[in-house]
Amino acid sequence: MATSEDFINYICEQINGVGEIRYKKMFGEYLVYVNEKPVITVCDNMAFVKKLDVISDLMEGAETGFPYKGAKEHYILDIDNRELSRTVVSKVEEVTPLPKKKSKK
C-alpha cells in the first residue's frame with residue numbers, strides 16, 4: 001500500500017514550525033525534508049525516523065520497523081502526537097547533515 005498524499009500533507013501539518021518543510025516522492029513513497037535535511041521516511045502511511053542516540057530517550061518504548069526492504073530498523077513516529085513529533089524532528093534535524101550535491105557527469 002503506497003502512502004496517500006493526504007497522509008504526507010498531514011505529516012507536514014503536524015511538524016509545521018520546526019523549519020522549512022518539503023517532501024519528495026521517491027519510488028512511490030516519500031521523504032520529508034526539514035531545512036533541506038532528510039528527517040522522515042514515509043512508507044505505507046507510516047512515518048519512520050532513524051534510530052539515533054539523540055532521540056533514544058524520547059522514543060523509548062516506541063514501535064520499530066523497516067520502512068522498505070533492505071533498510072535498517074527505524075523508529076515508527078507517532079505522528080498524531082504533535083508535540084512529540086515536533087521535538088523528535090527538531091532533534092533529528094540538528095544532527096542530520098545536509099545531503100551532498102551530486103556532481104554532473
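Values reported hereafter were calculated over all heavy atoms of this structure, with side chains retained and with hydrogens, waters and symmetry mates removed.
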Any non-hydrogen side-chain atom of [X] less than 4.5 Å from a side-chain atom of [Y]?
X	Y	answer
Asp53	Val95	no
Val88	Met59	yes
Glu5	Tyr30	yes
Val42	Phe48	no
Thr96	Pro38	yes
Ser56	Tyr75	yes
Asn81	Ile79	no
Lys50	Lys72	no

What's the separation between atom [atom1] in [X] and atom [atom2] in [Y], rounded to the nearest 0.5 Å?
X	Y	atom1	atom2	answer
Lys69	Cys43	NZ	SG	14.5 Å
Lys24	Ile8	NZ	CD1	13.5 Å
Ile21	Ile15	CD1	CD1	4.0 Å
Phe66	Glu73	CZ	CD	4.5 Å

Nearest atoms (heavy-atom pairs only) where [X] meets [Y]:
X	Y	result
Ser90	Val18	OG-CG1, 3.6 Å
Arg82	Asn16	NH2-O, 3.6 Å
Gly19	Val34	CA-CG1, 4.1 Å
Ile55	Lys91	CG2-CB, 3.9 Å
Lys37	Pro97	CG-O, 4.1 Å
Leu58	Leu84	O-CD1, 4.0 Å

According to a 4.5 Å side-chain heavy-atom criterion applied to Ile, Leu, Val, Met, Phe, Trp and Tyr, with indirect links allowed, do [X] and [Y] form part of one hydrophobic cluster?
X	Y	result
Phe7	Met26	no
Leu52	Leu77	yes
Met46	Val39	no

Establish, from distance only, whether the side-chain atoms of Ser85 and Gln14 form a donor-acceptor pair under 3.5 Å.
no
Does a side chain donor of either Glu93 or Tyr33 reach within less than 3.5 Å of an acceptor in the other side chain?
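Looking only at side-chain atoms, Tyr33 and Glu93 do not form any donor-acceptor pair under 3.5 Å.
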Check Glu36 with Arg22, please: is the shortest side-chain N to carboxylate O separation under 4.0 Å?
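So Arg22 pairs with Glu36 through a salt bridge.
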Any donor-acceptor pair under 3.5 Å linking the side chain of Asn35 with the backbone of Glu20?
yes
Kindly say whether Leu31 contributes a backbone atom to a donor-acceptor pair with the side chain of Thr41 at under 3.5 angstrom?
no
For Glu63, I'd like to know if atom CD has over 12 heavy atoms of other residues, nucleotides or ligands within 6.0 Å.
no
Do other residues, nucleotides or ligands put more than 12 heavy atoms under 6.0 Å from Asp80 CG?
yes
Check step by step if side chain to side chain contact (heavy atoms under 4.5 Å, CB included) holds for Ile40 and Ile11.
CA-CA 9 Å; Ile40 302 175; Ile11 289 175; 4.0 Å; yes
